[in-house]
Amino acid sequence: MNHVSKLAAVGRKVVVPLLALAVLAVGAHLWLNTNVFGRDEVCGGLVSTDSAAAVFSSSGRVSDDNGLDERSGDRLAFTCTVTASSVLPGTDDERIRISASRERGDFPFTDNGRFPNPATASFFSDGATGGVGDGHGWVLLPSTCTTGAGPAVVEGYAPRGSDPVRLARLLTDVAGKAAERAGCRAKEPLRAPSALSRTPVPRPIEGGTVCGLTGLTFPGAPRPGTMESVQDRVRPTWACRIEGYATYTVTQDPQMVEAIRSSPGFEEQPPAGDRRASGFDPWHVVADCAGASTYFSLEFGPRYDDAAGTPGTPRRQDLFHNFVESAGKRLGC
């Protein structure tokens, strides 16, 4: 063997192991830090790993921790945590918690602290009905999934700052699969929104007009610099939060109104102004608005509660009647 042949043989002995190590390193990277060669679905087939990966801010291996946790007797009551993990230095695991449950139909508009305040959420209703806040969203399942326990909702918590359209897409996909698995899929499949309205930026109340509604009474004694957040659009869902005082909501979304009407506890209430009303209490009702069933909600904040009963503070029912009349005029009813 000449000198050149000997060098070539030595080169092959060096290069082949190095190539093998490189292949192993690339394979290990793909396996540990990406979802290549991974599962297409997790959480019992309800969550697409591609859809979940699109929500995470960094790449990682997508898994479902302990899998799908179902409540006995209701296939639309479950929880599952999806994780994106990586061994790369400086990366932390990210998680999305997805669940389904039965809720009172006006769940996104009541101040229980669980769902994003309606004045800070982006609502969608074309193809699917839902809303997304900062890292938190929900999608209403079809009315065919409603039982005596109420309508069903898919809810998701994602990392703060997650893309809201991608989160809405993920939750809509899960809602559609959950409905199909439970045997209550609607005739038309749920469709995720391609875009979402911007969430309102808080602004100081100026000029005496509250929430952009002519004639709306301020809920209490205003303090200088009080901020309000107002949804720009009127239909199908509009909301306004006066920081610390109250949150006003109106929706004419047919799916939401149907979910509200089909919830336990929905019954006749005192009239809302001169309108007959039914709902859950005198401040969460459905009334007629020029032939359209319309839900009106008024939630009171701690500043109003502190001032309630003092001279100059309007009564709750007076505030609600004033709200229904002011919002009704804007809606043309």
Side-chain angles (χ1 to χ4, degrees), residues 106-125 131-138 160-165 167 195-253 272-273 282-284 289 294-333:
D106 60 348
F107 64 92
F109 312 131
T110 57
D111 189 23
N112 59 14
R114 174 174 156 196
F115 291 91
N117 184 280
T120 65
S122 296
F123 295 99
F124 51 94
S125 58
V132 176
D134 185 7
H136 188 192
W138 56 271
R160 299 288 294 272
S162 297
D163 183 284
V165 174
L167 179 56
L196 291 171
S197 60
R198 292 181 299 174
T199 56
V201 177
R203 67 191 186 194
I205 296 176
E206 296 179 350
T209 301
V210 179
C211 296
L213 292 180
T214 302
L216 186 66
T217 301
F218 190 91
R223 300 181 185 181
T226 298
M227 306 293 284
E228 64 179 11
S229 300
V230 188
Q231 296 279 356
D232 291 332
R233 63 181 184 175
V234 178
R235 290 184 173 90
T237 301
W238 173 92
C240 171
R241 176 174 67 178
I242 303 173
E243 188 174 331
Y245 287 93
T247 296
Y248 299 90
T249 308
V250 180
T251 186
Q252 292 181 324
D253 183 286
W283 309 291
H284 301 86
C289 178
T294 306
Y295 169 82
F296 298 91
S297 167
L298 175 52
E299 292 278 323
F300 297 94
R303 288 186 180 178
Y304 175 83
D305 291 338
D306 290 344
T310 61
T313 302
R315 296 188 310 120
R316 292 173 185 264
Q317 203 61 28
D318 292 339
L319 282 171
F320 186 70
H321 291 169
N322 167 255
F323 164 53
V324 171
E325 292 305 310
S326 300
K329 290 177 181 178
R330 185 171 182 181
L331 291 169
C333 58

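Start at 1 with the first residue, then count along the sequence.
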Heavy-atom pair of closest approach, residues T247 and P118
CG2-CG, 3.8 Å
Polar side-chain atom of Q231 near backbone of T249 as donor-acceptor pair, under 3.5 Å
no
Taking all atoms of both residues into account, what is the closest heavy-atom pair of A121 and P116, and its distance?
CB-CB, 4.3 Å
Aromatic plane relationship, H136 with F115 - under 30° parallel, 30 to 60° tilted, over 60° perpendicular:
parallel
So, Y295 side chain and D253 main chain: donor-acceptor pair closer than 3.5 Å or not?
no
What closest approach, in Å, do P219 and Y245 show between heavy atoms, and which atom pair accounts for it?
O-CD2, 3.3 Å
Kindly determine whether F107 and R114 satisfy side-chain contact (heavy atoms from CB on, under 4.5 Å), including the steps that lead there.
CA-CA 9 Å; F107 64 92; R114 174 174 156 196; over 6 Å; no
Please name the pair of heavy atoms, one in G220 and one in P314, separated by the smallest distance, quoted to 0.1 Å.
N-CD, 3.8 Å
In terms of relative ring orientation, are F109 and F123 parallel, tilted or perpendicular, with 30° and 60° separating the classes?
tilted
Test your reading of the model: is there a side-chain donor-acceptor pair from S122 to the backbone of L196, 3.5 Å cut-off?
no
Where do A119 and P200 come nearest, in terms of heavy atoms and distance?
O-CG, 2.8 Å
Kindly give the heavy-atom pair with the smallest separation between C211 and Y248, and that separation in Å.
SG-CD1, 4.1 Å
For the residue pair N322 and L216, establish whether any side-chain heavy-atom pair is separated by less than 4.5 Å.
yes
Might you work through the side-chain hydrogen bond (donor to acceptor under 3.5 Å, both in side chains) test for H321 and E325, ending with a clear yes or no?
CA-CA 6 Å; H321 291 169; E325 292 305 310; over 6 Å; no
Side-chain contact, heavy-atom cut-off 4.5 Å: T226 with R303?
yes
Report yes or no: does T294 contribute a side-chain atom to a donor-acceptor pair with the main-chain N or O of Q252 at less than 3.5 Å?
no
Under the criterion side-chain hydrogen bond (donor to acceptor under 3.5 Å, both in side chains), I'd like the reasoning laid out for E299 against W283: C-alpha separation, chi angles, the key distance, then a yes or no.
CA-CA 8 Å; E299 292 278 323; W283 309 291; over 6 Å; no
Does the side chain of S297 come under 3.5 Å of the side chain of D106 through a donor N or O and an acceptor N or O?
no
